[in-house]
**Q** 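I have a structure I would like to understand better, so I am pasting it below and will then ask my questions one at a time.
Sequence lines set the chain letters: A, B, ... in the order given, protein chains first and strands last, and positions in each chain run from 1.
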Protein chains: 4
Amino acid sequence: MTESRQSRRTRDPERSRRAILDAARDEFVAHGFTGGRTGRIAEAAGVPQGLLYHYFDNKEGLFDAVMEDTLAPYFNGMLDMLQSAEVPDLDLLEDSVRRYFQFLHDNPHVARLLAWWFADQAWEGKPLTRKQGVAEAVELLGAARIREGQDAGFVRRDLDPALVIKTFIDMCVMWHMSKGRHMLHTAPGEEQADLDARYLDHMVDVFLNGVVAPEHRPR
Amino acid sequence: MTESRQSRRTRDPERSRRAILDAARDEFVAHGFTGGRTGRIAEAAGVPQGLLYHYFDNKEGLFDAVMEDTLAPYFNGMLDMLQSAEVPDLDLLEDSVRRYFQFLHDNPHVARLLAWWFADQAWEGKPLTRKQGVAEAVELLGAARIREGQDAGFVRRDLDPALVIKTFIDMCVMWHMSKGRHMLHTAPGEEQADLDARYLDHMVDVFLNGVVAPEHRPR
Amino acid sequence: MTESRQSRRTRDPERSRRAILDAARDEFVAHGFTGGRTGRIAEAAGVPQGLLYHYFDNKEGLFDAVMEDTLAPYFNGMLDMLQSAEVPDLDLLEDSVRRYFQFLHDNPHVARLLAWWFADQAWEGKPLTRKQGVAEAVELLGAARIREGQDAGFVRRDLDPALVIKTFIDMCVMWHMSKGRHMLHTAPGEEQADLDARYLDHMVDVFLNGVVAPEHRPR
Amino acid sequence: MTESRQSRRTRDPERSRRAILDAARDEFVAHGFTGGRTGRIAEAAGVPQGLLYHYFDNKEGLFDAVMEDTLAPYFNGMLDMLQSAEVPDLDLLEDSVRRYFQFLHDNPHVARLLAWWFADQAWEGKPLTRKQGVAEAVELLGAARIREGQDAGFVRRDLDPALVIKTFIDMCVMWHMSKGRHMLHTAPGEEQADLDARYLDHMVDVFLNGVVAPEHRPR
DNA sequence: TATGAATGAGGGTTCATTCAT
DNA sequence: TATGAATGAACCCTCATTCAT
């Protein structure tokens, strides 16, 4: 009798925190920061509203935590990927693009969080995450890898490495942000799944042809 | 501008409607639909809040009107541009990209409205504007133009015209959505103004090299 | 061309006033004074909102006008009825009850206006209409007629004539206010039309048996 | 009463709920559903407006709760009364009428809530309370009791028991709805208190004479 | 007389946050 | 740590009424 009422959701701080964070991610992904409701988060997490404020300062603190929690693996994964390959070559470049595209494909909430960030926070100059350094590291490392490609001769030397990186990242992100739904609403009469693959091939093709040194071009 | 907050209660419905629409555009551009406040809109427009509901059904109706009012010239301009040139050639293609980029540059609120749409409405399947037909017409006409380019031989025949269109549109939109602030936060130590120009050159270069038939490539 | 735009709803004050009054009656009957909307009234009447205030002081003035306009024939009809019969007798008494019941049956909005008045205005001590005198005249005349009946010997002498009047009026009004729908929700499985008739017979029976002198009782 | 506006922010949910419900009852009794203001309710209850929505879905939910809370004892009391007397006789019938009249006299808000219901909700077909069953039970039991009276011989056999019940209920309710203020505005020059008593006597007299079998008539 | 734009005071309701328990 | 009642500032919208035309 003494523990029956207690045992339902008994003291498990870590589980509570995790549940809140997961619920918050779903909420913010679906509605953005402004549209996100703490009430819905608490309900989805199965905790009382007040508990949110034990683990996080306020709605904004919770949002930031979600961003970090969600984007950290994203950046870390890229860092790993960029560091893994010793000698950069053409295949690695293509492979990088494809793996990046695949990552967004497998983590659709990442793309949508980025969309919210572009619309809302980026304009106010708010950094993407509090550990901004990681994001910058990725970019610097990526640019460095491109520069190695230029040194090796298979990437055009007249291009700014940072912009090369940006070019393919933008195309991948944009595709997943618009969910295959071209801004100008096409409906090519094929499966959505195939469309993703077809777009990826198209994009890689155009990108490589645009970026690779003439003598190394695929076609 | 000196007479803006003037003698209200003087009859000028058109001016009122315009003022509301302009104020609403600024508000929704800055805060999105959910974050937009009708109170701020009314204040900025210099009209009582109740008047909004004389001209529009509700907040959503006002938002839709703003979208239409803002995007109509955008689409119409593109239609004109696509129709104007009689014989498509390489220069026209490059010119189109540059003009499109320039348009977004000159109308930054368009890019940001698109950003909100990507984050919020697009996911719910809401069409970009109520006159969806215009948007589709642009896309179809654009694709048709690319196809003419393929027939003329200067655009690669193995590419899907619709995806070619999407490729450069995405790059232009993405740049202006992120306001030059690469998602991965680069700061190349130069003026923002120059950065735009430099990115445009880079993008056009990569795009054309990727898309144009080998024998017509710029370099 | 000069009269085409004019002729639609050209100057016809009386028609406008009438249209407003009719629309207002429907509105107030359906929603009461507080729930009645001037906007709906104007719309139903086919006139702009502002015009209401040319014919009436304000919402309350319009409501009062409706009450008067609706209840005047009601009271005048009763006055006529009470004055018409020269010598009161038992049949006249029964006939009066039946005609009163019938009147409410034929004018359902009267019963509902009374319902609103009971709930809302009566409690605040507001008179039923501005020409309160007519209502009082009806009552006095009715009571006088009952007194004549007492003198003639067919109405019990120990009853207060005013209460006798009230007794049957209340029963008639209550029936039509509750629209046959007993307060305690019965559903006798018969036609609503028949129910009215059956109730009337019942009521008249009980009323006469209760009020008429023993030697004149119908059964 | 001295402690009513006290230390709020002290935990007592039951008291809060009760205070809201009581304040709401007064408000709705005085102004009906449409005219009732949640702001006034909150103020009278001594709670912030937002708290109403912690305990009730919305204004309508609060109204329904008030109806139920107010009418439940009304119906339950009648049920008890009808069940209590084992053998029905003439005195019991008269007693029932008098007790019902007295109940409405002692609970004036019940009569006025009924008045609002007649004017507003009944017409839209809305049930009197959510526990409609109780109301129907009262009616069925009442009719059953009258039927017993018919079997016992002291109630006229030619009358429909359900209508007999309705007859006296209507007279009681109507009197209290119009608060002794006859629809036709009588003012017999006596105290209001006495008037109630005198009307009750009159009504019981007429009713019994009308309903009771000839050989059992009081006079 | 007729019109409908303009006004501003609330109306019901939501919501992030605090706090006693 | 956990709970959910309590708080109050907005928020969107409605509505009776006024007034320039």
**Q** Tell me the interatomic distance from Gln49(B), atom CD, to dC12(F), atom C1', rounded to whole angstroms.
**A** 7 Å

**Q** Report which part of the nucleic acid Gly50(C) touches: base, sugar-phosphate, or nothing (heavy-atom distance under 4.0 Å, all strands).
**A**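 The answer is base, as Gly50(C) lies within the cut-off (heavy atoms under 4.0 Å) of a base atom.
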
**Q** Considering every strand shown, what is the Watson-Crick or G-U wobble mate of dG12(E) when both distances are under 3.5 Å?
**A**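 dC11(F) is the nucleotide pairing with dG12(E).
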
**Q** Rounded to whole Å, please give me the gap between CD1 in Ile20(A) and P in dT17(E).
**A**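 Result: 14 Å.
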
**Q** Which part of the nucleic acid, if any, lies within contact of Gly35(B), taking any heavy atom under 4.0 Å across all strands shown: a base, the sugar-phosphate backbone alone, or nothing?
**A**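 Touches nothing.
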
**Q** Within this structure, what is the CG-CD1 distance for the pair Leu51(B) and Ile41(B), rounded to the nearest 0.5 Å?
**A**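 The distance works out to 12.5 Å.
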
**Q** dT1(E), dT7(F), dA6(E): which one has an atom nearest the side-chain heavy atoms of Tyr55(B)?
**A** dA6(E)

**Q** Starting from P on dA6(E), measure out to OH on Tyr53(C) and report it in whole angstrom.
**A**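 In whole Å, dA6(E) P and Tyr53(C) OH are 18 Å from each other.
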
**Q** Return the 5'-most residue of the pair Arg40(A), Gly39(D) with respect to DNA chain E, ranking by each residue's nearest nucleotide.
**A** Gly39(D)

**Q** If the test is salt bridge (Lys or Arg N to Asp or Glu O under 4.0 Å), which one of Arg40(B), Arg37(B), Arg112(B) qualifies with Glu27(B)?
**A** Arg40(B)

**Q** So, is Thr38(C) close to the dT17(F) phosphate, meaning a side-chain N or O under 4.0 Å from OP1 or OP2?
**A** no

**Q** Exactly one of Thr70(B), Val110(B), Leu113(B) should register a side chain to side chain contact (heavy atoms under 4.5 Å, CB included) with Val29(B). Which one does?
**A**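 It is Leu113(B); the other options fail the test.
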
**Q** Starting at CG of Leu51(A) and ending at P of dC19(E), how long is that distance when rounded to a whole Å?
**A**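 Going from Leu51(A) (CG) to dC19(E) (P), I get 17 Å.
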
**Q** Return no unless some side-chain N or O of Arg37(B) is found under 4.0 Å from OP1 or OP2 of dC12(F).
**A**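 Looking at the OP1 and OP2 atoms of dC12(F), one of them is under 4.0 Å from a side-chain N or O of Arg37(B).
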
**Q** For dT21(F), which nucleotide in any strand shown is its Watson-Crick or wobble partner with both distances under 3.5 Å?
**A** dA2(E)

**Q** Tell me every residue that passes side chain to side chain donor-acceptor pair (under 3.5 Å) with Glu14(C), counting only those two or more places apart in sequence or in another chain.
**A**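 With sequence neighbours excluded, Glu14(C) shows a side chain to side chain donor-acceptor pair (under 3.5 Å) to no residue whatsoever.
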
**Q** To the side chain of Pro48(D), which of dA2(E), dC12(F), dT7(F) is closest?
**A**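 It is dT7(F).
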
**Q** When you measure from the side chain of Ser16(D), which nucleotide among dT3(F), dA6(F), dA16(F) comes out closest?
**A** dA6(F)

**Q** Could I get the full list of salt bridge (Lys or Arg N to Asp or Glu O under 4.0 Å) partners for Arg18(D), not counting sequence neighbours?
**A** Asp22(D), Asp69(D)

**Q** Can you tell me the distance, in whole Å, between the CG atom of Leu52(D) and the P atom of dG11(E)?
**A** 13 Å

**Q** Tell me the interatomic distance from Phe33(D), atom CZ, to dG11(E), atom P, rounded to whole angstroms.
**A**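 One finds 14 Å between P of dG11(E) and CZ of Phe33(D), rounded.
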
**Q** Mind calculating the distance between CZ (Arg17(C)) and P (dA2(E)) to the nearest angstrom?
**A**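 From Arg17(C) CZ to dA2(E) P: 13 Å.
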
**Q** Output the single nucleotide from dA2(F), dT7(F), dG4(F) whose closest atom is nearest the side chain of His54(A).
**A** dA2(F)

**Q** Regarding Phe56(A), tell me which of base, sugar-phosphate or nothing describes its non-hydrogen contacts under 4.0 Å with the strands shown.
**A** nothing

**Q** Between dT3(F) atom P and Asp12(A) atom CG, what is the distance in whole Å?
**A** 12 Å

